[in-house]
Amino acid sequence: MIRIAVWNVNSIRARLPLVLKWLAESRPDIALLQETKCEDAAFPTLEVGDVGYNVAVAGQKTYNGVAVLSKRPIDEVAAHRLPGDETDQQARYIEALTGGIRVASIYLPNGNPVGTEKYDYKLAWMTRLHHHVKTLLATEDTFVLGGDYNVAPEDADVHDPRAWEADALCRPETRAAWRRIVCLGLTDAYRALNPEPGRYSWWDYRGSAWSRDQGLRIDHLLLSPQATDRLTAAGIDRNPRGWEKPSDHTPVWCELTE
DNA sequence: ATGGTGGTTCGACCA
């Protein structure tokens, strides 16, 4: 069995004690992290290595930043940015080969406020991702694309759909772009095995959203057909959201047969 | 209608 987890940590340096605690307790084979918010040289590679993980990072100062952690050797880093626009320097995509699986850690743009260049950037980024997924599918590889997609795919993924309907995470154009990607042949691992509504991966720091369970499901693991054939379990680990000094996201995981 | 919280970094931006 191989377990793959995704977690937006909202700064790896601010969150390092919790990340190390989480790695020690849940021992995922592969961890895909987002919003590391540090340049590559500042990533705590030694600390993460001490608890048994190899590291590949695509970082930048202050914003964004993604990482792949793996118990197995990382054999190749296939990309440090999302292909399709060499002028886009935002560190939101890293793709690596480890343990016989191709994985990507994705931090898809938030896109708020709608009607600005930020929303245009989000939709353009999703179009680029669509193109790249088509390329990946043509390889017939086993791959898992995990990340903070900043997309709540359906109303069932939102605590108050009416309050969120105009938000960039829920807009019809956003959800259409999401479906366009998934319908190429990917599987939303959590949703495939857990049909019940009202299960979230992110809760705003503001307004006591966590204690009221007012969240959204925006962190996802998208599986290729070959990975889906091996999918046995998926879940959301709510515990880290309740820890002291938490990220506003909590880990989502899936298990594949060896 | 506003602001609520947190990270980065020290004013303002992002989420």
Side-chain angles (χ1 to χ4, degrees), chain A residues 6-22 32-45 47-48 57-67 81-82 88-93 105-126 129 146-153 157-171 173-175 177-178 200-220 236 238-252:
Chain A
V6 54
W7 192 13
N8 179 323
V9 297
N10 186 18
S11 168
I12 187 66
R13 286 175 293 178
R15 216 66 60 209
L16 186 58
L18 269 60
V19 171
L20 295 177
K21 173 181 163 74
W22 171 68
L32 307 169
L33 308 183
Q34 297 81 41
E35 279 206 272
T36 54
K37 293 186 175 178
C38 71
E39 293 177 303
D40 294 359
F43 194 93
T45 302
E47 290 87 338
V48 170
V57 294
Q60 67 179 89
K61 195 178 164 83
T62 309
Y63 303 120
N64 308 317
V66 286
R81 293 289 187 277
L82 179 66
D88 182 7
Q89 290 307 305
Q90 297 195 33
R92 296 178 174 277
Y93 187 94
S105 179
I106 292 176
Y107 178 46
L108 202 143
N110 175 294
N112 281 304
V114 171
T116 67
E117 68 289 340
K118 290 181 189 297
Y119 192 57
D120 296 338
Y121 174 64
K122 176 179 195 159
L123 294 179
W125 208 92
M126 294 181 82
L129 183 59
D148 174 1
Y149 281 80
N150 272 311
V151 178
D157 301 310
V158 183
H159 72 92
D160 183 351
R162 295 291 78 76
W164 282 85
E165 63 186 353
D167 192 277
L169 281 59
C170 302
R171 290 285 303 157
E173 298 88 340
T174 302
R175 287 177 169 173
W178 164 267
Y200 311 127
S201 65
W202 171 83
W203 298 260
D204 203 312
Y205 285 124
R206 298 165 288 189
S208 307
W210 165 245
S211 61
R212 300 171 192 217
D213 196 25
Q214 297 176 339
L216 277 70
R217 191 176 71 92
I218 57 175
D219 301 276
H220 310 293
I236 298 173
R238 291 169 57 98
N239 290 330
R241 187 60 180 83
W243 291 346
E244 199 77 22
K245 205 173 182 292
S247 169
D248 44 352
H249 297 252
T250 214
V252 180

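Note on naming: letters A, B, ... go to the chains in the order of the sequence lines (proteins, then strands), and numbering restarts at 1 for each one.
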Rounded distance in Å - [atom1] ([X]) to [atom2] ([N]):
X        : N      : atom1 : atom2 : value
A:Tyr121 : B:dA15 : OH    : C1'   : 15 Å
A:Asp204 : B:dT5  : CG    : P     : 10 Å
A:Asn10  : B:dC13 : CG    : P     : 19 Å
A:Gln90  : B:dC14 : CD    : C1'   : 11 Å
A:Lys37  : B:dC13 : NZ    : P     : 15 Å
A:Tyr149 : B:dA15 : OH    : C1'   : 19 Å
A:Leu169 : B:dC14 : CG    : C1'   : 13 Å
A:Tyr205 : B:dC14 : OH    : P     : 18 Å

*With rounding to whole Å, what would you report as the distance between B:dT2 and B:dG6 at their P atoms?*
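Their P atoms lie roughly 23 Å apart.
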*Mind checking the C1' distance from B:dG3 to B:dA15? Whole angstroms is fine.*
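Those two atoms are separated by 15 Å.
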*asked:* What's A:Arg92 touching, base or sugar-phosphate or nothing? Going by heavy atoms closer than 4.0 Å.
replied: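 Since only primed, P, OP1 and OP2 atoms lie under 4.0 Å of A:Arg92, the category is sugar-phosphate.
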*Identify the two heavy atoms, one from A:Arg241 and one from A:Asp248, that lie closest to each other, and give their separation to 0.1 Å.*
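So the two residues come closest at NE-O, 3.3 Å.
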*State, to 0.1 Å, how close A:Ala152 and A:Leu216 come at their nearest heavy-atom pair, and which atoms those are.*
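So the minimum-distance heavy-atom pair works out to CB-CD2, 4.1 Å.
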*Angle class for the A:Trp164/A:His159 ring planes (parallel below 30°, perpendicular above 60°, tilted otherwise)?*
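A:Trp164 vs A:His159 ring planes: perpendicular.
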*Between A:Asn110 and A:Ser11, which is nearer to the 5' end of DNA chain B once each is assigned its nearest nucleotide?*
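Result of the comparison: A:Ser11.
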